[in-house]
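Heads up, the thing below is written out as C-alpha cells.
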Amino acid sequence: MRRTIVIISLFMLAIAGTHAQSSADIMAYIDKYKQIALDQERKHGIPATITLAQGILESGAGKSGLTRNSNNHFGVKALGGWSGSVYKAWDDEPQKSSFRVYASAADSFEDHSKVLLAPRYRSLFSKSIYDYRGWAIGLQKCGYATAKNYAAALIGFIDTYRIYAVNGGVKLRPGKTVVVKQTVNKAPAFDESCQMDEEEQSEEEQTVKEAVSRFVVDINDVGCTILYPGSSLSAIAMQYDIPKDQLLEFNEVVVEEELKEGDIVFLDKKKKKYTGAKDFYYARQGDTMYGVSQQFGIKVASLAKMNHRDVTEPLYEGDKIILK
C-alpha cells in the first residue's frame, strides 16, 4: 500500500512569504493544537504526544506553505476517493502532487487519525498512550515514513519540548518498559525504572538540539534552511513549492543522498561571491571547498576559481580561503 503521507521538514524559511520557524513557533504550535490532539487521543487512542510531534515535523509547526494554504498538517495526498478541494505542491514526483484541503486543522487531525487506524498500524494500539517511544519506533517499523531517523526525530522533539507532559506522561528512559500505576485521583503515576529525569538529555534530544542550534534564515542573502532530523529533500520541495531537481541544482549535488542530516539546504541559486563582511575564511579541520561554499552561499566553482584551486582539492587547517 503506497504511503499517502509525505514527511515535511521543519525550521524552514519559505521564499514566498513564509516565516522562518523558531523554538517559539514550536511551543506556540503545541499550545494551539494540544487540545485537538488530546481529543484525538480520547476518541481514537492515538497518543497526543505522537500526533503533535508528527504535526510539528510534517508541517514545520504550521509554517509550511501546504499547511497555510490547505490546513493540511500531515501531508495527506488527495487519493483514495477524495472528493474535496486539492492543493498542488511539489514532493518527490516529477510533477506537482495533489494534497487534500481541509476546512479546519481539526479536520486534518481527524483525517490523520483515520490514516493510523488502518490495519497496517493495528499493532501500535496495544501500546500505552504514554509510550511515545514505542509508538514512534512502531510507526517507522510499520512503514509510515522512509526516513531512517524518523522515529528518533519524533522522540527528539517530544523530549526537547516536553510534549510528553501534554497527556500527563513523563520523559521515558530508552529501552525500558512503560509501567503505569494509578493514584487515588486517577492521575497517571509511573514506575521509576521507566522514567528519565527531565534534566537528563536523551540521545534523540541532543540530536534535535544540535540541529536547532544551526537554525538559519539566509546565507549571503540567499534563502536556506537545514536538513533537520526526520526530514528529506522531497519534504523541503513540498514545503517551499520548489521542484526537487532545482534544489539539487541549487545545492550543487547530483542525488539527495549527498546531503546529510544537519546540512545547509539552499532554496535558490548561490552567488559568485560573498556579500557579507568577511573577506577571508581560515579553514578548519575537515573543511572542503564544497563545505565552505555551502557555509558562505558561494557557488563552489566560483570559490575554487577565486582561490586558484580545484573543487576537489583538499583543505588543510589554517588555509586562507578568499570569499570575494
Side-chain angles (χ1 to χ4, degrees), residues 1-8 29-30 33-59 72-77 79-82 100 102 105-159 161-183 186-191 193-196 202 204 230:
M1 174 173 144
R2 187 175 175 201
R3 182 173 176 274
T4 58
I5 304 289
V6 177
I7 305 309
I8 305 179
Y29 186 91
I30 295 167
Y33 296 111
K34 64 183 179 182
Q35 189 56 55
I36 297 177
L38 286 168
D39 289 343
Q40 293 300 307
E41 179 178 285
R42 283 189 286 269
K43 185 175 180 181
H44 299 297
I46 299 166
T49 49
I50 290 294
T51 299
L52 287 169
Q54 288 186 293
I56 290 166
L57 182 61
E58 297 170 17
S59 76
N72 192 328
H73 286 246
F74 303 94
V76 181
K77 288 187 177 181
L79 303 174
W82 177 255
R100 297 183 181 188
Y102 300 101
D107 289 345
S108 177
F109 277 63
E110 174 69 21
D111 208 28
H112 168 257
S113 293
K114 290 178 180 177
V115 170
L116 294 188
L117 289 169
R120 69 186 299 180
Y121 303 113
R122 188 171 296 153
S123 61
L124 298 178
F125 291 84
S126 63
K127 303 179 187 297
S128 167
I129 57 170
Y130 305 109
D131 186 8
Y132 62 85
R133 283 184 166 271
W135 269 81
I137 293 168
L139 279 171
Q140 184 161 327
K141 286 183 177 178
C142 290
Y144 181 91
T146 56
K148 293 180 180 179
N149 59 353
Y150 184 70
L154 293 181
I155 293 166
F157 290 115
I158 291 170
D159 285 349
Y161 295 97
R162 301 186 177 183
I163 304 174
Y164 49 77
V166 166
N167 66 355
V170 294
K171 192 172 189 176
L172 298 177
R173 189 169 296 282
K176 295 293 183 180
T177 302
V178 179
V179 179
V180 183
K181 303 175 182 178
Q182 292 293 328
T183 60
K186 296 186 178 180
F190 299 83
D191 190 273
S193 66
C194 70
Q195 293 186 56
M196 179 182 283
S202 67
E204 296 89 349

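These figures come from a predicted structure and were not determined experimentally.
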* Ring centroid separation for Y130 and W135, is it under 6.0 angstrom? ->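 No; W135 has its ring centre 6.0 Å or more from that of Y130.
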
Do [X] and [Y] have side-chain heavy atoms sitting under 4.5 Å apart?
| X | Y | result |
| --- | --- | --- |
| D39 | Q35 | yes |
| F74 | S108 | yes |
| Y132 | L154 | no |
| C142 | Y121 | yes |
| L124 | R122 | no |
| F157 | L52 | no |
| F190 | V178 | yes |
| H44 | L117 | yes |

Considering non-hydrogen atoms only, spot the tightest contact between [X] and [Y] and give its length.
| X | Y | result |
| --- | --- | --- |
| A48 | E41 | N-OE1, 2.8 Å |
| L139 | Q54 | CD1-NE2, 3.7 Å |
| K34 | V166 | CB-CG1, 4.0 Å |
| C194 | K176 | CA-CB, 3.9 Å |
| A136 | I155 | CB-CG1, 3.8 Å |
| G45 | I129 | O-CG2, 3.8 Å |

* Would a distance-only check, ignoring hydrogens and angles, find a side-chain to backbone donor-acceptor pair under 3.5 Å from R100 to V76? -> no

Establish, from distance only, whether the side-chain atoms of [X] and [Y] form a donor-acceptor pair under 3.5 Å.
| X | Y | value |
| --- | --- | --- |
| D191 | Q195 | no |
| Y102 | D111 | yes |
| T51 | Q40 | no |

What's the separation between atom [atom1] in [X] and atom [atom2] in [Y], rounded to the nearest 0.5 Å?
| X | Y | atom1 | atom2 | result |
| --- | --- | --- | --- | --- |
| K43 | L38 | NZ | CG | 14.5 Å |
| K114 | F109 | NZ | CZ | 15.0 Å |
| R173 | S193 | CZ | OG | 9.0 Å |

* Asked: Using the ring of each side chain (for Trp, its six-membered ring), is Y29 parallel, tilted or perpendicular to H73, with breaks at 30° and 60°?
  ->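 Ring orientation of Y29 relative to H73: tilted.
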
* **Pair D159 + K171, salt bridge at N-O below 4.0 Å** => no

